[in-house]
Peer 1: 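One structure is given below, represented as structure tokens, and several questions about it will come after.
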Amino acid sequence: MSFIVSKFKCKGITFFSLLHVTHYSSRFSTAAVASIEPKIPPDFSSCIVQDKDLLLKSLNPSGTGLHVLDLVDERSLEPHPTLYHLLLKKCTFLRKPKLGKIVHAHISNSLFRGDVVILNTLLNMYARCGCLDDARNLFDEMSVKDMVTWTTLITAYSQHDRPLDALLMFPQMLSLGFFPNEFTLSSLLKASAALPDTPQIYFHGAQLHGFSFKCGFHSNVYVGSSLLDMYARCGCMDEAHFVFDVLPTKNEVSWNALIAGHARKGQLDRALSLFLKMLRQDFQPTHFTFSSIFGACASTGSLEQGKWVHAHVIKSGGEIIAFMGNTLLHMYAKSGSIQDAKMIFDRLVKRDLVSWNSMLTAYAQHGLGKEAVQCFQKMLNIGLVPNDITFLCLLTACSRAGLLEEGQYYFKSMKRYNIEPGISHYVTIVDLLGRAGLLNEALRFINEMPIQPTAAVWGALLGACRMHKNVEMGSFAAERVFELDPHDSGPHVLLSNIYASGNRWRDAAKVRKLMKESGVKKEPACSWVEIQNTVHMFVASDDSHPQMGAIYKKWEEISARIKEIGYVPDTSHVLFYMDEQEREVKLQYHSEKLALAFALLNSPDGSTIRIKKNIRVCGDCHSAFKFVSKVVGREIIVRDTNRFHHFYDGSCSCGNFW
DNA sequence: GTAGGGTTAG
């Protein structure tokens with residue numbers, strides 16, 4: 001009997017051959033194979049190699065090697081199971097489940113139709129190719145299963161965003177007498193960590209922790225890393241550290257999971273100190289490590305720290321691949337350096353859709369609508385297909401830059417790409433129309449929407465009413481927001497501002513009363529500025545800073561200078577009723593003004609001042625900052641929750657759209 | 001034959 005593919009060992013090395021003839025094992029050679037089966041073409045006979053891929057390649061240099069099955073059928077040969085394994089591996093690697101189905105059909109007609117190891121490999125092929133229905137059907141059909149069968153399907157669900165399906169299999173497998181191993185537990189833990197909310201993660205995760213501990217799996221590096229990741233995703237960093245500390249063997253994945261946990265919580269300092277500790281213990285940071293840290297720098301707007309970590313990437317000589325590069329680009333954009341973001345984009349080794357979307361977002365955040373439109377066109381020209389996020393970024397960019405016609409055009413063009421606009425797209429269009437002052441059109445647009453408008457949709461209209469001082473429509477929009485989301489402080493403040501700007505103080509007081517009654521608390525506004533690696537934070541009317549006397553004095557001096565060139569305080573931005581003079585005093589001590597005065601006192605002349613704020617910059621501060629940039633001849637960059645404002649020589653990059 | 005960590009919007 002000849003086998004078409006086989007595996008054999010010679011002098012301790014594993015070889016793969018087309019033929020295996022038992023009595024020839026001691027004098028095996030290429031020539032010998034050919035002489036036993038002379039009808040086999042010469043390129044087949046020379047296929048004694050160490051590398052499985054090379055073997056399949058030589059069977060069919062340009063394809064998968066699948067045609068060897070035709071040969072098997074033609075000659076009525078009995079394939080060795082290694083052939084099936086190799087072919088299935090190849091289909092998995094190439095992500096070609098259709099070819100895998102051909103192998104499946106062949107297996108079903110062979111002696112191995114009930115072989116659990118081969119069927120597990122087949123199951124894994126379907127799972128890795130994302131054919132979960134095929135995998136499930138095969139699983140259900142398998143009369144003999146083992147623990148690997150169960151683990152393979154659990155992993156399939158866990159890796160394809162079906163955590164509940166994965167977790168549900170665990171009690172079933174136990175009740176049928178299959179005992180899990182470390183592979184099963186790490187997949188189950190990954191599934192629990194992907195559940196939609198923290199209590200659910202903790203509920204399932206902690207039980208799996210107990211199970212792992214009882215079986216001694218918790219000291220396995222895979223199980224340990226999944227465990228600490230699970231705790232980190234619940235925000236339980238103490239538990240995550242505990243799991244990490246007791247893990248006997250750590251690797252870069254365990255480190256990365258811990259660093260990512262802190263990074264997600266915005267704890268940049270802790271993420272960075274772990275990064276340094278990791279380096280000191282001779283673990284090599286990976287793209288995962290850098291990606292997490294850049295993400296944390298982006299969310300905290302920490303440009304200096306981000307640059308420092310970027311220098312590490314450069315020093316380590318690694319290429320800037322898309323995954324890490326996208327986060328790096330995002331970090332530069334969100335920390336206020338659009339030039340650096342563009343530079344990273346240009347230098348990316350391979351750009352994917354996320355890279356383009358991130359660049360569009362960068363332009364949107366900086367109010368560069370025309371650049372975003374050009375970027376989108378370039379993306380289409382190279383043949384990339386946009387997705388829903390692409391349009392969201394593009395529409396946001398149009399809205400922020402006041403590109404009304406372009407925004408409407410691109411919104412309509414979404415259907416051409418088979419993308420159904422989601423609620424976020426509708427919000428952006430309401431924003432676009434509203435900012436442009438087309439309040440009636442915005443309202444009509446909302447009424448004609450095919451999906452139910454949410455609080456965000458009405459909130460966008462409310463914001464536009466604030467901008468264009470439309471009290472009636474503003475209060476109508478606010479009512480709708482309060483019905484849908486009664487606990488958000490933002491709309492309450494907006495409505496109160498709308499009333500205040502129309503001098504309707506009684507109505508403003510009513511809003512305040514409503515806030516009090518429904519327990520809605522306004523987030524305290526704060527601004528922060530970094531001077532010489534120290535972050536200084538300010539809240540309105542703050543007097544806790546040691547330099548406060550000098551700061552107040554500085555602002556009074558600046559305030560007098562900007563009034564000389566035309567600044568008029570806009571007191572409608574004060575929430576409460578008080579007389580005009582009191583309101584002006586209140587305005588003077590908004591946190592961003594204190595931060596600016598502090599920065600002017602403590603940074604070199606001519607240097608750029610970067611201020612961050614936890615809520616949107618107030619209209620009066622926005623106006624004042626324009627004048628300040630002219631008077632002191634410096635660039636001031638303010639990052640608020642929405643976007644960046646680059647103040648320079650008396651104007652702002654946002655063109656008063658924000 | 002089966003396993004863990006990272007990206008864009010809001």
Side-chain angles (χ1 to χ4, degrees), chain A residues 81 84-85 88-89 92 115-125 127-128 146-156 158-159 166 180-191 193 217 220-230 232-233 240 247 251-261 263-264 285-296 298 321-331 333-334 345 348 352-362 364-365 387-397 422-425 427-428 431 454 456 459-460 641-642:
Chain A
Y84 289 134
H85 282 296
L88 288 170
K89 283 252 167 207
T92 310
D115 185 303
V116 70
V117 177
I118 288 192
L119 293 180
N120 285 344
T121 314
L122 188 58
L123 186 66
N124 186 47
M125 183 277 297
R128 297 283 280 272
D146 64 8
M147 180 258 293
V148 175
T149 321
W150 284 85
T151 303
T152 305
L153 196 62
I154 288 174
T155 305
S158 153
Q159 289 179 339
N181 65 3
E182 293 90 334
F183 289 68
T184 332
L185 258 303
S186 53
S187 281
L188 286 167
L189 281 162
K190 181 186 162 85
F217 296 151
N220 172 286
V221 68
Y222 284 84
V223 175
S225 305
S226 318
L227 253 179
L228 78 90
D229 179 57
M230 179 277 294
R233 281 174 200 276
L247 203 56
N251 63 12
E252 65 279 7
V253 178
S254 357
W255 282 95
N256 290 345
L258 200 59
I259 290 174
R264 271 191 299 267
T286 66
H287 291 133
F288 288 79
T289 330
F290 290 124
S291 197
S292 300
I293 293 179
F294 290 140
I321 60 158
F323 237 114
M324 179 190 66
N326 295 342
T327 336
L328 183 57
L329 186 169
H330 174 62
M331 185 276 291
K334 265 212 126 175
F345 180 77
L348 277 180
D352 59 14
L353 188 57
V354 176
S355 322
W356 287 87
N357 289 353
S358 303
M359 198 61 230
L360 286 174
T361 307
Q365 282 165 339
N387 65 3
D388 54 339
I389 295 177
T390 315
F391 278 100
L392 199 56
C393 302
L394 177 66
L395 295 175
T396 308
I423 196 75
S424 316
H425 300 98
V427 173
T428 319
D431 196 53
T454 56
T641 41
N642 257 13

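Small disclaimer: the values here were computed from a predicted structure and weren't measured. Reckoned from all heavy atoms, side chains included, excluding hydrogens, waters and symmetry mates. A, B, ... follow the sequence lines: proteins, then strands. Residue 1 opens every chain.
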Peer 1: Between B:dT2 atom C1' and A:Asp115 atom CG, what is the distance in whole Å?
Peer 2: 15 Å
Peer 1: On a plain distance test, is the side chain of A:Ser186 in donor-acceptor contact with the base of B:dA3 below 3.5 Å?
Peer 2: yes
Peer 1: I need the CG-C1' distance between A:Leu395 and B:dA9, as an integer number of Å.
Peer 2: 11 Å
Peer 1: Classify A:Val221 by what it touches in the nucleic acid, base, sugar-phosphate, or nothing, heavy-atom distance under 4.0 Å.
Peer 2: base
Peer 1: Does A:Ser358 reach a base, just sugar-phosphate, or nothing at all? Heavy atoms under 4.0 Å.
Peer 2: sugar-phosphate
Peer 1: Considering only B:dA9, B:dG6, B:dA3, which nucleotide approaches the side chain of A:Ile389 most closely?
Peer 2: B:dA9
Peer 1: What's the closest nucleotide to the side chain of A:Thr396 if the choices are B:dG4, B:dG10, B:dG6?
Peer 2: B:dG10
Peer 1: Phosphate oxygens OP1/OP2 of B:dT2: is one of them under 4.0 Å from a side-chain N or O of A:Gln159?
Peer 2: no
Peer 1: Going by 5.5 Å between centroids and 30° between planes, is there a stack of A:Phe323 over B:dG6?
Peer 2: yes
Peer 1: What is the distance, rounded to the nearest whole Å, between atom CZ of A:Phe183 and atom C1' of B:dG4?
Peer 2: 11 Å
Peer 1: Can you tell me if A:Arg233 touches the phosphate of B:dG6, counting only side-chain N or O atoms and a distance under 4.0 Å to OP1 or OP2?
Peer 2: yes
Peer 1: Ignoring hydrogens and angles, answer whether the base of B:dG4 and the side-chain atoms of A:Asn251 contain a donor-acceptor pair closer than 3.5 Å.
Peer 2: yes
Peer 1: With heavy atoms under 4.0 Å as the rule, sort A:His287 into base, sugar-phosphate or nothing.
Peer 2: base
Peer 1: Heavy atoms only: give me the nearest A:Leu348-A:Ile321 pair and the separation to one decimal.
Peer 2: CD2-O, 4.1 Å
Peer 1: Please list, chain by chain and in numerical order, all residues satisfying side-chain contact (heavy atoms from CB on, under 4.5 Å) with A:Thr286, sequence neighbours excluded.
Peer 2: A:Glu252, A:Asn256, A:Phe288, A:Thr289
Peer 1: What's the CG-P distance between A:Leu392 and B:dT8, to the nearest Å?
Peer 2: 14 Å
Peer 1: Can you tell which of B:dA9, B:dG6, B:dT2 lies closest to the side chain of A:Cys393?
Peer 2: B:dA9
Peer 1: Supply the atom-to-atom distance A:Leu328 CG to A:Phe290 CZ, rounded to the nearest 0.5 angstrom.
Peer 2: 10.5 Å
Peer 1: Looking across every strand, which nucleic acid part, if any, lies under 4.0 Å from A:Asp388 by heavy atom: base, sugar-phosphate, or nothing?
Peer 2: nothing
Peer 1: Looking only at N and O atoms, is any donor in the side chain of A:Ser226 or the base of B:dG4 less than 3.5 Å from an acceptor on the other one?
Peer 2: no
Peer 1: Can you measure A:His425 atom NE2 to B:dT8 atom P for me and round it to whole angstrom units?
Peer 2: 17 Å
Peer 1: Tell me which nucleotide among B:dA3, B:dT7, B:dA9 gets nearest to the side chain of A:Thr327.
Peer 2: B:dT7
Peer 1: Checking side-chain polar atoms at under 3.5 Å, does A:His85 have a donor or acceptor matched by the opposite partner on A:Thr121?
Peer 2: yes
Peer 1: With respect to the side chain of A:Ser225, which nucleotide from B:dT2, B:dG4, B:dT7 is positioned closest?
Peer 2: B:dG4
Peer 1: A:Arg128: what forms a salt bridge (charged side-chain N to carboxylate O under 4.0 Å, His left out) with it, not counting sequence neighbours?
Peer 2: none
Peer 1: Starting the side chain at C-beta, find the nucleotide from B:dG6, B:dA9, B:dG4 nearest to A:His330.
Peer 2: B:dA9
